[in-house]
Amino acid sequence: MRIARDKTAGEQVAKYLCKFVQSVCVLAFGLAITACSDTDRETNLSEGITNKKVRQYLLEHPELVFDDPEIARAISSARSARQQQASALWRKSILAKNASLLDSSLTPVSGDAGSQVTIIEFYDYQCVPCKASYPELEQMRETEIDIRIIYAQLPVFGSYSILAARAAIGAHRQGLFQAYHNALMTADIRLDTDSIFAMAVDIGLDTEKLQADMRDPHVIDYLKQMQTLADELDVTGTPAFVVGDAILKGGIRVKELKVELDRQRTRSHSSRGV
């Protein structure tokens, strides 16, 4: 009889605990991950259940987390969200530290400084995916409102990429960056010294001044600083986009870029209470 009573009592406890976990699972996940309260404060949740009780139960029965797929997924989702928040803050701090570089007179920019969302594009003039997505990016630049695009040179494909990057900065100094950028991005030829200067002539650049700017130590140092910024942001290839506090790397399509752009706008509206 005692065994039967114990079994019945055990089943009742199990049912209660099941209901208990279901009613407070969201908070339990956060507590299991972060152990966020080391105080004696007990926030009432449901039917007298408190943070402290939830935490204590999970510490005594960690198998619950591993045996329940829904709980495991929720914990994974919470952990991912927490990591994304940490990464976003980390990127914000890096961008803040490099504000003078991003606002440098050598940095080509499209859009107003007060735009709602800033996009930093890391690219190389010999990057095939960069050139393939260029028409769509240009369409986005022309049609999307309230965005600012910073063109971050990241020449990773050798000496001619470096030469083209220097030339683009020189074109920027002459006020013809967009025209030269377009010529380099749409050129269906292999870049070399002749083609780089031929395109400069075609758009009306002063090639003598261009060559002087390309040799300017300030331009050379600027590109090194941009490379350092890319390294700090863990950008190792092109194309890569920093959109607000998010980053998109690899074979990014303009559709994905727009999705992130809309997400950043929504967050911006929310933070402003719009």
Side-chain angles (χ1 to χ4, degrees), residues 34 79-125 127 129-130 133 137 140-141 144 146-157 161-162 164-173 177-178 181 213-250 252 256-273:
T34 64
R79 181 182 293 113
S80 177
R82 181 65 59 86
Q83 290 173 342
Q84 288 177 6
Q85 290 172 356
S87 296
L89 290 173
W90 168 68
R91 278 189 291 273
K92 280 184 176 180
S93 67
I94 291 175
L95 296 176
K97 184 180 71 173
N98 288 275
S100 60
L101 174 65
L102 296 172
D103 293 333
S104 168
S105 61
L106 296 177
T107 304
V109 176
S110 172
D112 298 328
S115 297
Q116 189 176 21
V117 181
T118 294
I119 299 173
I120 304 173
E121 179 189 2
F122 289 94
Y123 66 97
D124 183 303
Y125 286 115
C127 165
C130 297
S133 63
L137 284 172
M140 186 192 78
R141 183 176 70 86
E144 294 288 339
D146 210 15
I147 64 170
R148 182 182 185 224
I149 299 176
I150 295 176
Y151 298 92
Q153 310 279 349
L154 189 62
V156 294
F157 288 98
S161 290
I162 295 172
R166 290 183 187 178
I169 301 304
H172 177 53
R173 278 184 160 179
F177 171 78
Q178 285 294 346
H181 178 70
D213 284 333
M214 290 168 68
R215 294 191 298 267
D216 187 340
H218 290 95
V219 172
I220 296 171
D221 183 62
Y222 167 82
L223 290 173
K224 289 180 180 177
Q225 291 181 56
M226 195 59 75
Q227 175 68 66
T228 299
L229 172 60
D231 292 341
E232 290 181 346
L233 291 168
D234 195 30
V235 173
T236 57
T238 56
F241 300 88
V242 178
V243 187
D245 60 14
I247 191 165
L248 303 175
K249 296 186 287 186
I252 301 303
E256 296 171 286
L257 188 60
K258 286 185 176 182
V259 168
E260 183 57 43
L261 179 60
D262 289 340
R263 192 179 77 85
Q264 292 288 330
R265 281 172 169 159
T266 299
R267 288 180 57 191
S268 179
H269 278 135
S270 299
S271 64
R272 295 178 184 178

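Note: hydrogens, waters and symmetry copies are ignored here, and every other heavy atom, side chains too, is used.
- Taking the charged nitrogens against the carboxylate oxygens, Asp221 and Lys224 have no contact shorter than 4.0 Å, which rules out a salt bridge.
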Starting from the C-alpha separation in whole Å, work towards a yes-or-no answer on side-chain hydrogen bond (donor to acceptor under 3.5 Å, both in side chains) for Asn98 and Gln225.
CA-CA 9 Å; Asn98 288 275; Gln225 291 181 56; over 6 Å; no
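- Atom CD1 of Ile162 sits about 8.5 Å away from atom CG of Leu223, to the nearest 0.5 Å.
- Using a 4.5 Å cut-off on side-chain heavy atoms (C-beta onward), Leu257 and Leu137 make contact.
- Donor-acceptor pairing under 3.5 Å is lacking for the side chains of Asp124 and Gln153.
- Ile120 has its side chain within reach of Leu95: a pair of non-hydrogen atoms, C-beta onward, lies under 4.5 Å apart.
- By the neighbour-count criterion of 12 heavy atoms within 6.0 Å, atom CG of Asp112 is sparsely surrounded, having that number or fewer from other residues, nucleotides or ligands.
- Here the side chain of His172 pairs no donor or acceptor atom with the backbone of Val109 at under 3.5 angstrom.
- Between Glu232 and Trp90, the closest heavy-atom pair is O-CZ2, 3.0 Å.
- When every heavy atom of Ala152 is checked against every heavy atom of Met226, the shortest pair comes out as CB-SD, 3.7 Å.
- Taking the six-membered ring for Trp and thresholds of 30 and 60 degrees, Phe177 and Tyr151 have ring planes inclined between 30 and 60 degrees apart.
- Between the side chain of Thr266 and the backbone N or O of Asp262, at least one donor-acceptor pair lies under 3.5 Å.
- Residues Gln178 and Arg141 have side chains in contact (heavy-atom distance under 4.5 Å, counting atoms from C-beta outward).
- Here NE2 of His218 is found 8.5 Å from CG of Leu106. Values are rounded to the nearest 0.5 Å.
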Do Val219 and Met214 pass the side-chain contact (heavy atoms from CB on, under 4.5 Å) test, and can you show the C-alpha distance, the side-chain angles, and the key distance before you say yes or no?
CA-CA 7 Å; Val219 172; Met214 290 168 68; over 6 Å; no
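- The side-chain heavy atoms of Arg173 and Asp216, taken from C-beta on, include a pair separated by under 4.5 Å.
- Classification of Arg166 and Asp213 as a salt-bridged pair fails, no side-chain N sitting under 4.0 Å from a carboxylate O.
- Panel note: side chain Arg148, backbone Ser115; no donor-acceptor pair is recorded below 3.5 Å.
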Report the C-alpha separation of Leu102 and Leu229 in whole Å, then their side-chain angles, then the decisive distance to 0.1 Å, and conclude whether the side-chain contact (heavy atoms from CB on, under 4.5 Å) test is met.
CA-CA 10 Å; Leu102 296 172; Leu229 172 60; 3.8 Å; yes
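- When every heavy atom of Gly244 is checked against every heavy atom of Val117, the shortest pair comes out as N-CG1, 4.1 Å.
- At least one side-chain heavy atom of Pro108 sits under 4.5 Å from a side-chain heavy atom of Ile169.
- Smallest separation of non-hydrogen atoms from Asp146 and Gly114: OD1-O, 4.3 Å.
- We find that Arg265 and Glu144 are joined by a salt bridge, their nearest charged nitrogen and carboxylate oxygen being less than 4.0 Å apart.
- To the nearest 0.5 Å, atoms OG (Ser110) and CD1 (Ile147) are separated by 7.0 Å.
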Please lay out, stage by stage, how Tyr125 and His181 fare under the test side-chain contact (heavy atoms from CB on, under 4.5 Å).
CA-CA 9 Å; Tyr125 286 115; His181 178 70; 2.8 Å; yes
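- Between the side chain of Thr107 and the main chain of Leu101, a donor-acceptor pair closer than 3.5 Å is present.
- Distance alone, capped at 3.5 Å, is enough to place a donor-acceptor pair between the Lys249 side chain and the Asp234 backbone.
- At a threshold of 4.5 Å between non-hydrogen side-chain atoms, the residues Ile150 and Thr118 count as touching.
- Side-chain contact between Asp245 and Arg267: present, with at least one pair of heavy atoms (C-beta onward) separated by less than 4.5 Å.
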Carefully, step by step, assess Thr238 and Phe157 under the rule side-chain contact (heavy atoms from CB on, under 4.5 Å).
CA-CA 10 Å; Thr238 56; Phe157 288 98; 3.8 Å; yes
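- Proximity of Phe122 to Pro239: side-chain heavy atoms (C-beta onward) are nowhere separated by under 4.5 Å.
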